[in-house]
Amino acid sequence: MSKLDGLHPIVRQKAEALIAICAAAKLPIIVTQGLRTDEEQAALWAKGRTAPGPKVTNAKPGHSYHNYGLAFDIAVVKNGRPTWDDKVSVDGDETPDYVEVGEIGEQLGLEWGGRWKFRDLPHFQMRFGLSLADLKSGKRPTIEGDVVQLPVRPVSVA
Ligand SMILES: [Zn+2]
């Protein structure tokens, strides 16, 4: 299993390109999360609410692009270990690595969580023009990135 399994093929291709470009730029990164199932999202939502610990997400199941395979998170790797220090600069220049990686991701056509009001520096996604409401109603990007409407109730196969 790879963390990239279950990502939309276009998103996966961009994640792989981001890893390769960052490695070549001496900014090693790993993908820490890709597709997140509704069960996994529900467990995250519970943290800081009905389960112990601090809150880690504002997204209920079905309310994150991760739940549709359209988002992934990265971590900058320092001395062989992931670091979430938003000031870290493994390559030794003045720009934090998370910002450099974010800008490279944007050049690849990814939306970067570092631009959001509630910054999510490790997060990248592609919406394909679809809101979360669209996704919840069964609209999905095809492998070419066009939009199709799925049946609202999945057809059960005997
Ligand atoms: Zn994320």
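The first residue of the sequence shown is numbered 1, and numbering continues consecutively from there. In listed order, ligands and their atoms are each counted from 1.
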Pairs under 3.5 angstrom only: tabulate donor-acceptor contacts from the side chains of residues 21-32 to other protein residues two or more places apart or in another chain.
from: Thr32; atom 1: OG1; to: Asp73; atom 2: O; distance (Å): 3.4

Would you call the rings of Trp112 and Phe124 parallel, tilted or perpendicular if under 30° counts as parallel and over 60° as perpendicular?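 Rings of Trp112 and Phe124: parallel, under 30°.
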Supply the atom-to-atom distance Arg127 CZ to Tyr68 OH, rounded to the nearest 0.5 angstrom.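 The CZ atom of Arg127 sits 13.0 Å away from the OH atom of Tyr68.
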Check which protein N, O or S atoms are less than 2.8 Å from the Zn ion (ligand 1) and report how many there are.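 With waters ignored, the protein N/O/S count below 2.8 Å is 3.
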Just wondering, are more than 12 heavy atoms of other shown residues or ligands nearer than 6.0 Å to CZ in Arg49?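 Result for CZ/Arg49: enclosed.
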Non-hydrogen side-chain atoms of Asp86 and Arg119 separated by less than 4.5 Å: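 Asp86 vs Arg119: side chains touch.
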Quick check: Trp45 with His63 (ring centres under 6.0 Å apart)?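 For His63 and Trp45, the ring centres are not under 6.0 Å apart.
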